[in-house]
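Everything on this sheet refers to the single structure shown next.
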Amino acid sequence: MPELPEVETVRSGLEPLLVGREISAVSCFRQQLRYPLPDFSGVVGQRIEAVARRSKYLLFQLDGGQTLVWHLGMTGQFHLLSKQSEKGLHEHVSIELSDGHSLRYRDARRFGYAGLIVTDEIEAHPWFASLGPEPLSELFNCDHLFAVCQGRKAPIKTVIMNAASVVGVGNIYAAESLFRAGIHPARAAGKISKKRLALLTDVIRQVLNEAIEAGGSTISDFVNAEGKPGYFSHAFQVYGREGAPCLCCTKKIKRMVQAGRSTFYCPCCQH
DNA sequence: AAATGAACCTGTTTGC
DNA sequence: TGCAAACAGGTTCATT
């Protein structure tokens, strides 16, 4: 489900609802999601100081010096319930807050995962140690992308989707960015001029910012913390539009498979 | 070393 | 209509 704009939408929605609240209990309805769930007993009585994000991870910073790290996988969702209620379909964890609210984690496919990490050790943790820069930060610039692509024969699409190059760019935004930059998704990364990579850098930032503004992209099931969908899917120019006319040249949008994922592109506008 | 494909799961859509 | 195959926003691991 979520790429960077969707995770950011969830983060900004949860932040005002959770910061300052204290965790009074945690119940797990199964032992593991993608990985075994952490032992939550130590978080009871701790207050949530901040809700942050790194890459596609949500970071619930607790006042005891630990951070609850959560990845939503493909179908993970958080919902804040105001009343006690039965476990809903595909709900796996319930975090009770001292004000009576209940934060539920729901995830049909269970590709999501969570960990409890000492806040000062997050950057060194295996989930974070080899991550590239945030695409909306100064660290992600033309020089960086050029260095990453240098000498690589891999297709540019798989390079920008690799979190070691830059984080947060998933299948949708990779396709949309390459279309806007006029770059063919299968082009070898090392064969793209620095000038065109500079354009790609700008366009990735633009696309992600626009998607955040729109509250993310909902294809079938993404919803924010209030249960509402995002609207960026209406702005897709290539993703999911196989056979439909290119909005630029009117030729048919094509679909190909790269590294096991669908790629949508215009064979006329992208080189 | 680097790139592809399978695996982890369930739900929904597509095609015969 | 029914059933099976294909496909889905992510990441890691094993295999070329």
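Values below: all heavy atoms of this structure, side chains included; hydrogens, waters and symmetry mates excluded. Each chain gets a letter, A, B and so on, in the order its sequence line appears, and its residues count up from 1.
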Can you check the distance between B:dC8 and C:dC3, where both ends of the measurement are the P atom (answer in whole Å)? 26 Å

Measuring only the P atom in each nucleotide, how far is C:dA5 from B:dA7? A whole number of Å is fine. 16 Å

Would a distance-only check, ignoring hydrogens and angles, find a side-chain to backbone donor-acceptor pair under 3.5 Å from A:N224 to A:G230? no

Rounded distance (Å) that lies between atom C1' of C:dG9 and atom CG of A:L4: 13 Å

Intermediate values then yes/no, side chain to side chain donor-acceptor pair (under 3.5 Å), A:S94 and A:E96: CA-CA 6 Å; A:S94 180; A:E96 314 307 333; 2.6 Å; yes

For B:dA3, take OP1 and OP2 only and decide whether either is under 4.0 Å from a side-chain N or O of A:T158. no

Would you say a side-chain N or O of A:R109 is under 4.0 Å from OP1 or OP2 of C:dG9? no

Side chain to side chain donor-acceptor pair (under 3.5 Å) contacts touching residues 199-214 of chain A (sequence neighbours left out): A:R180-A:E210

Describe the nucleic acid contact of A:F232 in one word from base, sugar-phosphate, nothing, applying a heavy-atom distance below 4.0 Å. nothing

Using atom CG of A:D107 as one end and atom C1' of B:dG11 as the other, report the distance to the nearest whole Å. 12 Å

Rounded to whole Å, the CG-C1' distance (A:L33 to B:dC9) equals 11 Å

Mind checking whether A:F78 and A:Y105 have parallel, tilted or perpendicular rings, split at 30° and 60°? tilted

Under 3.5 Å, is there an N or O donor on one side and an acceptor on the other linking the side chain of A:R34 and the base of C:dT11? yes

Look only at the side chain of A:E134 and the backbone of A:S55, and say whether a donor-acceptor pair between them is shorter than 3.5 Å. yes

Whole-angstrom distance between C:dA6 and B:dA6, as gauged at atom P: 12 Å

Just how far, in rounded Å, is C1' of B:dG11 from CD1 of A:I219? 15 Å

Euclidean distance for P, B:dA1 against C:dT11 (whole angstrom): 24 Å

C:dT11, OP1 or OP2 - any side-chain N/O from A:Y57 closer than 4.0 Å? no

Selection residues 236-248 of chain A - residue pairs positive for salt bridge (Lys or Arg N to Asp or Glu O under 4.0 Å), sequence neighbours left out: A:E242-A:R255

Is the phosphate of C:dA8, meaning OP1 or OP2, less than 4.0 Å from a side-chain N or O of A:R261? no

Going by centres under 5.5 angstrom and planes under 30 degrees, do the aromatic ring of A:F111 and the base ring of C:dT11 stack? no

What ring pair (Phe, Tyr, Trp, His ring centres under 6.0 Å) pairs are there with at least one residue in residues 148-197 of chain A, not counting sequence neighbours? A:Y173-A:F232, A:H184-A:Y265

Under the 3.5 angstrom rule, does the side chain of A:H271 hit a backbone N or O of A:C268 as a donor-acceptor pair? yes

Strand DNA chain C as a dot-bracket string - pairs counted if Watson-Crick or G-U with both distances under 3.5 Å, | where the partner lies in another strand: .|||||||.|||||||

In this structure, how many angstroms lie between the C1' atom of B:dA7 and the CE atom of A:M74, rounded? 13 Å

For A:R54 and C:dT11, what is the distance between atoms CZ and P respectively, to the nearest whole Å? 12 Å

Does A:T218 reach a base, just sugar-phosphate, or nothing at all? Heavy atoms under 4.0 Å. base

Judged by nearest nucleotide, the residue sitting upstream toward the 5' end of DNA chain C, A:R255 or A:M161, is A:R255

Between C:dA14 and B:dC9 - P atom distance, rounded Å: 16 Å

Excluding sequence neighbours, so at least two apart, what forms salt bridge (charged side-chain N to carboxylate O under 4.0 Å, His left out) with A:R196? none

Using the six-membered ring wherever Trp is involved, compare the ring planes of A:F60 and A:W70 and label them parallel, tilted or perpendicular (cut-offs 30° and 60°). perpendicular

Heavy-atom count around A:K87 NZ within 6.0 Å, excluding the residue itself: above 12? yes

For a quick test of reading the model: is some side-chain N or O of A:H90 closer than 4.0 Å to OP1 or OP2 of B:dG11? yes

List in numerical order all residues of residues 140-156 of chain A for which some heavy atom is under 4.0 Å away from an atom belonging to DNA chain B. A:R152, A:K153, A:A154, A:P155

Provide, to the nearest angstrom, the distance between the CD atom belonging to A:Q77 and the P atom belonging to C:dG9. 16 Å

Have a look at A:Y173 and say if it touches a base, only the backbone sugar-phosphate, or nothing, with a 4.0 Å heavy-atom cut-off. nothing

Whole Å only: how far is the CG atom of A:N162 from the P atom of B:dA3? 9 Å

